[in-house]
Amino acid sequence: MRFILLMMTLCVVVGLSGCVLASNPSFTRSKNIALDATSEDTKYHDDNMYSVGETGPILEDEKDEASQQESDDYTEAVLKWRQPQTIQQVVVKAEPGQLEFFFVQYMDDEGAWITVKHVRDNMKPVYTFTLRDPIVTTKFRLKVPRRWDSRRVGGQKRSTRGETGAPSMQEYKKIQEIELYYALPPDPMEAGTTGQ
């Protein structure tokens, strides 16, 4: 009797998981739009895993205290386009420990950076994040703390900063690749419609 109940429960779970998978179709990627961007270091978006770029200092436009504090605490990797781009999926490739913490941001129409994801405790060499709703922007960035308390390495600081505001070489983080995509519409042939 228990075996029959177990089998029935298993069938219901498998059936429900099939429904969940069917309601979330796979993400069909566009071409990597990061390849068309400009940046201070093109090595982190040149479609070559073996050329490694790194974050740079935040060059604040404003001279207020908040902008200065952000510049003191973070480095950045910024991608820019002349025409607005649609972004829905972000792929970041880096050696484990280089990007344990970072913010995924885009610039809105008013020129403010909007955070769409705050990544914590990342030790994966490839980090993929898909936005529920696509964003349209001419600027995208990864904002990376100069230092952080790592849970992975005994809790010590991952890098330290001297008394000056200038970052040390250890505070710039190495990035192998940033890839950005938008979702392509489903192929009608794959969806089972022939259009006839």
Side-chain angles (χ1 to χ4, degrees), residues 26-60 69-81 85-107 113-132 134-135 137-183:
S26 64
F27 185 93
T28 305
R29 291 178 175 176
S30 66
K31 73 177 188 92
N32 178 7
I33 60 174
L35 296 174
D36 299 329
T38 60
S39 67
E40 295 296 321
D41 187 345
T42 59
K43 291 181 182 175
Y44 54 69
H45 63 103
D46 63 358
D47 203 25
N48 181 351
M49 282 283 295
Y50 301 105
S51 65
V52 178
E54 62 183 25
T55 60
I58 293 179
L59 304 174
E60 71 274 5
Q69 189 65 49
E70 181 183 51
S71 179
D72 288 347
D73 293 342
Y74 296 92
T75 62
E76 67 182 359
V78 178
L79 300 176
K80 304 176 204 172
W81 299 268
Q85 300 294 315
T86 302
I87 300 171
Q88 193 163 7
Q89 188 174 70
V90 177
V91 179
V92 180
K93 299 175 182 176
E95 290 292 322
Q98 284 293 309
L99 293 176
E100 189 173 347
F101 296 88
F102 61 95
F103 295 87
V104 177
Q105 299 182 320
Y106 74 96
M107 187 169 279
W113 287 108
I114 307 299
T115 299
V116 293
K117 182 74 172 173
H118 181 189
V119 179
R120 299 180 179 114
D121 300 323
N122 172 51
M123 294 301 282
K124 298 183 268 185
V126 178
Y127 182 84
T128 302
F129 171 65
T130 304
L131 296 141
R132 182 174 23 177
I135 57 172
T137 187
T138 57
K139 289 186 181 179
F140 169 89
R141 84 170 170 178
L142 299 182
K143 185 172 90 168
V144 185
R146 289 191 182 178
R147 60 183 179 179
W148 59 77
D149 294 325
S150 177
R151 297 181 192 167
R152 313 270 182 182
V153 192
Q156 70 265 26
K157 300 272 189 254
R158 291 291 293 171
S159 64
T160 57
R161 181 169 42 88
E163 291 303 313
T164 68
S168 68
M169 288 307 291
Q170 293 82 20
E171 291 176 326
Y172 294 121
K173 303 305 175 195
K174 307 273 187 219
I175 301 174
Q176 291 173 307
E177 204 66 31
I178 298 173
E179 300 173 5
L180 302 172
Y181 303 95
Y182 57 88

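Hydrogens, waters and symmetry mates play no part in the numbers below; they use all other heavy atoms, side chains included. Here, residue 1 is the first one in the sequence, and each next residue gets the next number.
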Sequence neighbours excluded, which residues qualify as side-chain contact (heavy atoms from CB on, under 4.5 Å) partners of [X]?
X	result
Ala94	Gln98, Leu99
Thr42	Ser39, His45
Glu76	Ile58, Val78, Arg141

Check whether any side-chain heavy atom of [X] lies under 4.5 Å from a side-chain heavy atom of [Y], and answer yes or no.
X	Y	result
Trp113	Phe103	no
Val116	Leu131	yes
Ile178	Val91	no
Tyr172	Val144	no
Thr128	Val90	no

[atom1]/[X] to [atom2]/[Y] distance, rounded to the nearest 0.5 angstrom?
X	Y	atom1	atom2	answer
Met107	Thr138	CE	OG1	7.5 Å
Arg120	Phe101	CZ	CZ	8.0 Å
Leu35	Asp47	CG	CG	5.0 Å
Lys80	Lys139	NZ	NZ	5.0 Å
Phe140	Ile135	CZ	CD1	7.0 Å
Glu177	Ser51	CD	OG	6.5 Å

Just jot down the salt bridge (charged side-chain N to carboxylate O under 4.0 Å, His left out) partners of [X], sequence neighbours excluded, or say none.
X	answer
Asp46	none
Lys124	none
Glu179	Lys93

Atom of Lys117, atom of Phe129 and distance for their closest heavy-atom approach: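 Closest approach of Lys117 to Phe129: CD-CE1, 3.5 Å.
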
List for me each residue that meets ring-ring contact (aromatic ring centres under 6.0 Å, His included) alongside Phe102, sequence neighbours excluded, and say none if there are none.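 Checked Phe102 against ring-ring contact (aromatic ring centres under 6.0 Å, His included); matches are Tyr127.
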
Tell me every residue that passes ring-ring contact (aromatic ring centres under 6.0 Å, His included) with Tyr106, counting only those two or more places apart in sequence or in another chain.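 By the ring-ring contact (aromatic ring centres under 6.0 Å, His included) rule, Tyr106 matches no residue at all.
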
Report the residues that fulfil side-chain hydrogen bond (donor to acceptor under 3.5 Å, both in side chains) with Thr137, sequence neighbours left out, ordered by chain and then residue number.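 If we apply the side-chain hydrogen bond (donor to acceptor under 3.5 Å, both in side chains) test to Thr137, skipping adjacent residues, there are no hits.
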
Check side-chain hydrogen bond (donor to acceptor under 3.5 Å, both in side chains) between Thr86 and all other residues, then give those that pass, not counting sequence neighbours.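 Result, side-chain hydrogen bond (donor to acceptor under 3.5 Å, both in side chains) vs Thr86: none returned.
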
Qualifying salt bridge (Lys or Arg N to Asp or Glu O under 4.0 Å) pairs with a residue from residues 29-40, counting only residues at least two apart or across chains: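 Applying salt bridge (Lys or Arg N to Asp or Glu O under 4.0 Å) to every pair that reaches into residues 29-40, excluding sequence neighbours, yields Lys31-Asp36.
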
Quick check against the 3.5 Å criterion: does Thr55 have a side-chain atom that pairs as donor or acceptor with the backbone of Lys173?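 Answer holds: yes.
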
Go through it in stages, so that I can follow the logic: the residues are Tyr44 and Leu142, the test is side-chain contact (heavy atoms from CB on, under 4.5 Å), and I'd like the CA-CA distance, side-chain angles, deciding distance and then a yes or no. CA-CA 11 Å; Tyr44 54 69; Leu142 299 182; over 6 Å; no

Residue pair Tyr182, Ile87: steps toward the side-chain contact (heavy atoms from CB on, under 4.5 Å) verdict: CA-CA 5 Å; Tyr182 57 88; Ile87 300 171; over 6 Å; no

Pair Lys43 + Glu54, salt bridge at N-O below 4.0 Å: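 No, this pair does not count.
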
Let's go through Asn122 and Glu100 carefully: what are the C-alpha distance in whole Å and the side-chain angles of both, what is the deciding distance for side-chain contact (heavy atoms from CB on, under 4.5 Å) to 0.1 Å, and is it a yes or a no? CA-CA 4 Å; Asn122 172 51; Glu100 189 173 347; 5.5 Å; no

How far apart are the C-alpha atoms of Thr75 and Arg146, what are their side-chain angles, what is the distance that settles it, and do they pass the side-chain contact (heavy atoms from CB on, under 4.5 Å) test? CA-CA 6 Å; Thr75 62; Arg146 289 191 182 178; 3.9 Å; yes

